[in-house]
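Order of the sequence lines fixes the chain letters, A, B, ..., with proteins taken first and strands second; residue numbering starts at 1 for each chain.
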Number of protein chains: 2
Amino acid sequence: MYVGALKAPQFKAEIVIDGTDKVAIPGLINCHTHLSMTLFRGKAEDEPLSTWLEQTIWPLESKLTPDDIYQGALLGCLESIKAGTTTFADMYFHEAQVAKAVDRSGLRAVLAQGIIEADDCKRGERMLAEGIEFAEAFNGYGGGRVTTRLGPHALYTCSPKLLVQTQEAAANLGIGTHIHVAESKQKSDWVKERYGCTEIELLKRIDLLGPDTLAAHCIHLTKLDMQIMARHRVKVSYNPTANMKIGSGIPRVKELLSAGVSVGIGTDGPASNNNLDMLEEMRFAALLQKTKYMDPTVLSAQQTLKMATIEGARALGLERVIGSLQVGKKADVVLIDFSSPHLKPSHDPYANIVYSANGADVDTVIVDGNLLMQERHVKTLDANEVMQNGQRVASNLTSR
Amino acid sequence: MYVGALKAPQFKAEIVIDGTDKVAIPGLINCHTHLSMTLFRGKAEDEPLSTWLEQTIWPLESKLTPDDIYQGALLGCLESIKAGTTTFADMYFHEAQVAKAVDRSGLRAVLAQGIIEADDCKRGERMLAEGIEFAEAFNGYGGGRVTTRLGPHALYTCSPKLLVQTQEAAANLGIGTHIHVAESKQKSDWVKERYGCTEIELLKRIDLLGPDTLAAHCIHLTKLDMQIMARHRVKVSYNPTANMKIGSGIPRVKELLSAGVSVGIGTDGPASNNNLDMLEEMRFAALLQKTKYMDPTVLSAQQTLKMATIEGARALGLERVIGSLQVGKKADVVLIDFSSPHLKPSHDPYANIVYSANGADVDTVIVDGNLLMQERHVKTLDANEVMQNGQRVASNLTSR
């Protein structure tokens, strides 16, 4: 694939795609998800967070087999391709299964095996060892489309001691980390009570804040926290739909950006969203900030599209590889079909993409120069088979 | 169309639609829009409300011809059908053109010609006269699918004197009113300063509060306002996306419902949304309330679907005619196709519809027993012609 002036190329294209009434954008980058949670979509709705997590999600997760995870991840890959996502950052269990689904689907991903200690240091050490093993084995997998991180779940599920070990291991491997930060007021208050400081201050103290730290959510922050994050060049995944659905509060993204923090956008898992549609997520991202500050000028359409592309790439440390249509970058490209009534007229393509479009308007998806979808037909996966398998394992899970 | 047990009907169906992997719901009801503003979709984005309104929208509106309004309304009807809306409540200029578009499209609508006095009582009287003329001429139009109301724009654009006359005229005609209430804090403050009371108190004083009053937005309310509204059985259109996009604040819908007020859902005009997708609007409706109260249990999926169907019907005074699939009601039915990856698995159809689906999942639309769309093919309108005309008049408008 070549990007540039019409007359310049010295080669003949293998495939020619007619772009009439279509708009090309860099592939969308989903900075925070738990892809296999597609299996739990629509379970335990409208419940308080503790009930949702402790009475539904955790018991179901304890029953997950590697094959369940694989089928759930394939369903999530299929959904992601259909909605124009080309790269996602994932944290879950049996992550090797997610890597295999990514390989088969043709997508790009940054994967971390989740590490949950839960006051059991033996378990913590075992999960860290498994996380390291996964990260080593799968970094560069799938023709280089898979990179890996370590995934300590959160400050309320991992001890400072384990987090220090995790950070040392990540540094040794030369990879980053992916962690939930300040999502729940209750958990942030618990950290404050237990450790006498904010979550960000604790992360700083144990040296887990750096340019390769991807911090998901970051809702309950102080002004000082934001300054610390900017100084350490921490990256944030802003997940507006999940924050709204769970009633966690509104991240102060306008202020994070003003402080100089890089912010990408994520859908979070499909059990708390309930889809993986980054076009819709951009709309929630922009509108929730306008709501927070009661100011329609906050987060413009163009700025939001950047957050879902080049800023997302930066959040994953991949800004030299993907995130924009530029000579020398990987060919991760999405064509949006503007021939539907809700995208007419097209006075402003940025506004139409961010405020009017949804995943179903994605026509073509290219990753690494390969066609994953054309005219909404996914080429790398058998859509019916993937959906049937997903439905089957989900039904088995909830009935056994 | 017959609703009931499989073996009961004593007739042979003319058309049989295979409902495999589809879910039938009552047609969605959009309680507040300005349909022809499709033409301004994507103009003047991310601007402060005053700039948006005074420097872009009003100058464009002053140039609108009746044919512009007709083409914009047709585009909005096409978009509405494609997203599963079967009834909408509209307020705009040259409303007869909207009525004609509704008739041609096969949709159902409650239409009001907008009345704006703007400190010019001659203009106010003229617009009221035109509004009455429209309401009389078009009530029952389109085979009874069009009903009419009077549409005084707002308390900051119409004087109490004109509003009294408007209410008297509505009572004489036996029809309702449709008015913007407490959308902007600034305008509510202005009303308070000028009249010494809240917008609701002023409406009560001039006797404009009743069961046939449809009040759009209702953001800046006191507890007493809510009690007054409940006592007078005022109906509310909750328009979450527009409220978020313009940064107007969050309506306290949970409290309105607790007070006993009927609340439907609206998209508002496509210049401040920017689409007419009621499936997406339901998602914003539920999630914005969970955000407001930081409580995931507020507005369940089922409750939200009711707000977009039977409660919307009640808000328009049509609860005996539409809003549910019931013997004796009009056959306004929508089939949602559940065969896409983002709707798998289907543990909970309510959750999938409200939290995962979007307009593109609508397969079939039936209004008054007539098929308007089947397998996403709109039968009553030529989609390409409507989109081309919409694009053409929109381009002319912004360039002349």
Side-chain angles (χ1 to χ4, degrees), chain A residues 38-43 45-49 52 75 78-79 82-83 241 243-250 273-277 280 287-288 290-291 293-298 300-301 339-342 344-348 350-352 355-356 358-361 383 386-387 390-391 394-395 398, chain B residues 38-43 45-49 52 75 78-79 82-83 241 243-250 273-277 280 287-288 290-291 293-298 300-301 339-342 344-348 350-352 355-356 358-361 383 386-387 390-391 394-395 398:
Chain A
T38 45
L39 301 178
F40 308 142
R41 191 194 324 265
K43 283 303 289 181
E45 294 300 318
D46 310 313
E47 290 182 349
L49 182 58
W52 178 82
L75 182 58
L78 177 66
E79 185 186 346
K82 291 217 103 169
T241 306
N243 297 160
M244 290 180 77
K245 187 152 184 281
I246 296 172
S248 316
I250 307 179
N273 182 306
N274 293 356
N275 63 40
L276 297 162
D277 186 336
E280 191 181 285
L287 267 52
L288 187 58
K290 295 174 197 295
T291 303
Y293 298 97
M294 289 186 74
D295 179 356
T297 69
V298 176
S300 70
S339 70
S340 288
H342 63 285
K344 298 289 180 195
S346 50
H347 292 303
D348 174 350
Y350 290 106
N352 274 11
Y355 298 131
S356 306
N358 62 52
D361 297 310
V386 168
M387 288 192 284
Q391 179 74 57
S395 302
T398 51
Chain B
T38 45
L39 301 179
F40 308 142
R41 191 194 323 266
K43 283 305 288 181
E45 294 300 317
D46 309 313
E47 289 181 351
L49 181 58
W52 177 81
L75 182 59
L78 177 66
E79 185 185 347
K82 290 216 105 170
T241 306
N243 296 160
M244 291 180 77
K245 185 150 185 282
I246 296 173
S248 316
I250 307 179
N273 182 307
N274 296 356
N275 63 40
L276 296 163
D277 186 337
E280 191 181 286
L287 268 51
L288 187 59
K290 296 174 197 296
T291 304
Y293 298 98
M294 287 185 75
D295 179 356
T297 69
V298 175
S300 71
S339 70
S340 289
H342 64 284
K344 299 288 179 194
S346 51
H347 292 302
D348 174 349
Y350 290 106
N352 275 9
Y355 298 133
S356 305
N358 61 53
D361 298 311
V386 167
M387 289 192 283
Q391 180 74 56
S395 302
T398 51

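Residues B:Pro296 and A:Glu47 have side chains not in contact (no heavy-atom distance under 4.5 Å, counting atoms from C-beta outward). Taking 4.5 Å as the limit, some side-chain heavy atom of B:Leu75 sits within range of a side-chain heavy atom of A:Pro345. B:Thr241 places a side-chain heavy atom less than 4.5 Å from the side chain of A:Leu287. Residues A:Met294 and B:Ser248 are not in side-chain contact: their nearest non-hydrogen atoms beyond the backbone lie 4.5 Å or more apart. The shortest side-chain heavy-atom distance between A:Asp348 and B:Glu45 falls under the 4.5 Å cut-off.
Heavy-atom distances place the side chain of A:Asp277, and not its backbone, under 4.5 Å from chain B. Looking at B:Phe40, the atoms closer than 4.5 Å to chain A (heavy atoms on both sides) all sit in the backbone: N, CA, C or O. When heavy atoms are compared at a cutoff of 4.5 Å, B:Ser340 approaches chain A solely by way of its backbone atoms N, CA, C and O. B:Lys344 touches chain A through backbone and side chain together, each having a heavy atom under 4.5 Å away. Residue A:Ser339 touches chain B through its backbone alone, counting heavy-atom pairs closer than 4.5 Å. Contacts between B:Thr398 and chain A at a heavy-atom distance below 4.5 Å involve the side chain alone, from C-beta outward. Only the backbone of A:Ile246 comes within contact range of chain B, with heavy atoms under 4.5 Å apart.
Considering CG of A:Asn275 and OG of B:Ser356, their distance stands at 5.5 Å, rounded to 0.5 Å.
With sequence neighbours left out, A:Lys290 forms a side-chain hydrogen bond (donor to acceptor under 3.5 Å, both in side chains) with A:Tyr355, B:Asp46. When the side-chain hydrogen bond (donor to acceptor under 3.5 Å, both in side chains) test is applied to B:Thr297, the partners found at least two apart in sequence or on another chain are B:Asp295.
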### Message
Show, in sequence, the C-alpha distance, side-chain angles and deciding distance for B:His342 and A:Arg41, and conclude whether the side-chain contact (heavy atoms from CB on, under 4.5 Å) test is met.
### Response
CA-CA 9 Å; B:His342 64 284; A:Arg41 191 194 324 265; 4.3 Å; yes
### Task
Under the side-chain contact (heavy atoms from CB on, under 4.5 Å) rule, what do B:Gln391 and A:Ser346 come out as? Steps first, then yes or no, please.
CA-CA 8 Å; B:Gln391 180 74 56; A:Ser346 50; 3.8 Å; yes
### side-chain contact (heavy atoms from CB on, under 4.5 Å) assessment of B:Leu288 paired with A:Thr291
CA-CA 10 Å; B:Leu288 187 59; A:Thr291 303; 4.3 Å; yes
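Note on A:Ala83, A:Ala360, A:Ser300: by heavy-atom pairs under 4.5 Å with chain B, the leading option is A:Ser300. Top candidate by heavy-atom pairs under 4.5 Å with chain A, chosen from B:Leu78, B:Thr38, B:Leu276, B:Leu39, is B:Leu39.
Taking both residues in full, the closest heavy atoms of B:Met387 and A:Pro341 are given as SD-N, 3.4 Å, listed atom of the first, atom of the second, then distance.
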